[in-house]
Amino acid sequence: MLTTTPALSSTASQLTSPNQFSIKFSFTFRESNNRIAVPKSSTTQRSKLSAGFPVLRVSASSQSAPASAEVSKVGVVPSEMKAWVYGEYGGVDVLKFDNKVAVPELLEDQVLVKVVAAALNPVDFKRRQGKFKNTDSPLPTVPGYDVAGVVVKVGSKVKDFKEGDEVYGDIHEKALEGPKQSGSLAEYTAVEERLLALKPKNLDFAQAASLPLAIETAYEGLEKTGFSAGKSLLVLNGAGGVGSLVIQLAKHVFGASRIAATSSTGKLELLKSLGADLAIDYTKENFEELPEKFDVVYDAIGQCDKAVKVVKEGGSVVALTGAVTPPGFRFVVTSNGAVLKKLNPYLESGKVKPVIDPKGPFPFSKLVEAFSYLETNRAAGKVVIHPIE
């Protein structure tokens, strides 16, 4: 149930969310003239972002990154926290900073995570824009899917985690169907233990936060196509958050015989460094005119109508977005901590690496700028928010 503080001149409707937590909001929505106290460093103006970018940060550290380096030991969990919230659907201007949001109540199968880092995904802004409001949880919403942090409290039926564990995951089991009202873009978030895994020992929190939704989407999407050793693959938008991981997983986990991928001119070297045998500049070449055909095409950009032209007979085209043309099929990830656990050895060995856009990580106060940048569709790898404080 959602409540507002008594001091407000108008109140939000009392709504029951699927996971029954309560948030206390200290701001009113657009119909109110109340001002919102946002720190000076948290400007809501869009920054001027350049189209170019420096060398990408592709990283997998060989050293352990303990929680103590970034998170002070939490003794008592506070009743309120800082969070970004929106009470109506729309552009980045609906995002409001609030330092009086109630910490989510914990269900018996959940853990409470002190958020150290989070990451943004296209689904985050599509949700905020109301693209799937018919299946969304009730407003107001604390956004955010990806999380990396430290367990500070466990529910009565939790078996696999304890206080102090460093974890990461996608906190929403179904991305488009009733995602939680209280997401990861806050100081604390409540998550079912089945959606989490222990953070890879060699990755810091920012690196770990960049992975969950994207790597699960990459892995599960390849599985759905029946991809296996010896098969060939074309990845559309190979430099994106999902595409950069599809290339790596196809090569190191599934044993692809040949990988081609598309990107803009400045990202071709990144594709090769990730394991692509053929890097295609979509600004100069039409991939659908290639004489070569592929067993699987992974469409992470929304060009299924073209993708089906380069798939072998009997092959598969998995489409994450846009219209679907047969034999292509739509795929939406289901969050599953077991997938992360399965992939942790590949991450800890350095075979699969996080790819973080070089403009980040963005500090928590710069969330609006981070969203604005993500929505230019120029990001390479993931846009990460760190530290959360």
Short question: side chain of [X], backbone of [Y] - any donor-acceptor pair under 3.5 Å?
X: Thr189; Y: Gly183; value: yes
X: Thr262; Y: Asn237; value: yes
X: Asp295; Y: Ser316; value: no
X: Lys251; Y: Val246; value: no
X: Asn286; Y: Glu289; value: no
X: His172; Y: Asp146; value: no
X: Gln181; Y: Pro138; value: yes
X: Ser137; Y: Pro179; value: yes
X: Lys353; Y: Gly350; value: yes
X: Glu348; Y: Pro200; value: no

At their closest point, which heavy atom of [X] faces which heavy atom of [Y], and how far apart are they?
X: Pro212; Y: Gly169; result: CB-C, 3.3 Å
X: Cys304; Y: Ala323; result: CB-O, 3.4 Å
X: Leu195; Y: Ser335; result: CD2-O, 3.5 Å
X: Leu233; Y: Ala250; result: CD2-CB, 3.4 Å
X: Val297; Y: Ala307; result: CG1-CB, 3.6 Å

So, [X] versus [Y]: side-chain donor-acceptor pair below 3.5 Å or not?
X: Lys382; Y: Asn121; value: yes
X: Asn336; Y: Thr334; value: no
X: Asp305; Y: Thr325; value: no
X: Thr321; Y: Lys126; value: yes
X: Tyr219; Y: Lys342; value: yes

Do [X] and [Y] touch side chain to side chain, with heavy atoms closer than 4.5 Å?
X: Ile385; Y: Leu185; value: yes
X: Leu222; Y: Leu249; value: yes
X: Val235; Y: Asp299; value: no
X: Phe227; Y: Tyr298; value: no
X: Phe287; Y: Gln303; value: yes
X: Ile259; Y: Leu278; value: no
X: Phe364; Y: Ile388; value: yes
X: Asp136; Y: Tyr89; value: yes

Can you tell me how far CD of Gln110 sits from CD1 of Ile171, rounded to the nearest 0.5 angstrom?
-> 9.5 Å
Would you give the length of the straight line joining atom CG of Asn134 to atom NZ of Lys131, rounded to the nearest 0.5 angstrom?
-> 13.0 Å
In the single-linkage hydrophobic clustering (I, L, V, M, F, W, Y; side-chain heavy atoms under 4.5 Å), do [X] and [Y] co-cluster?
X: Ile247; Y: Tyr346; result: yes
X: Phe254; Y: Val339; result: yes
X: Val355; Y: Leu347; result: yes

Determine whether more than 12 heavy atoms belonging to other residues, nucleotides or ligands lie under 6.0 Å from atom NZ of Lys341.
-> yes
Cation-pi check for [Y] against [X]: NZ or CZ below 6.0 Å from the six-membered ring centre and within 45 degrees of the axis, yes or no?
X: Arg128; Y: Phe371; result: yes
X: Lys359; Y: Tyr373; result: yes
X: Lys224; Y: Phe329; result: no

Determine, stepwise, if the pair Glu166 / Lys199 fulfils salt bridge (charged side-chain N to carboxylate O under 4.0 Å, His left out).
-> CA-CA 6 Å; Glu166 301 171 23; Lys199 179 179 72 65; 3.3 Å; yes
Salt bridge (charged side-chain N to carboxylate O under 4.0 Å, His left out) with Lys180: which of Glu105, Glu192, Glu173?
->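 When salt bridge (charged side-chain N to carboxylate O under 4.0 Å, His left out) is applied between Lys180 and each of Glu105, Glu192, Glu173, only Glu192 qualifies.
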Is it true that Glu292 and Arg258 have a side-chain N and a carboxylate O under 4.0 angstrom from each other?
-> yes
Is the shortest distance from a Lys or Arg side-chain nitrogen in Arg194 or Asp160 to a carboxylate oxygen in the other one below 4.0 Å?
-> no
Are Phe205 and Tyr168 near enough that their ring centres are under 6.0 Å apart?
-> no
Criterion side-chain contact (heavy atoms from CB on, under 4.5 Å) on Glu223 and Phe331, from CA distance to verdict = CA-CA 11 Å; Glu223 272 202 327; Phe331 170 69; over 6 Å; no
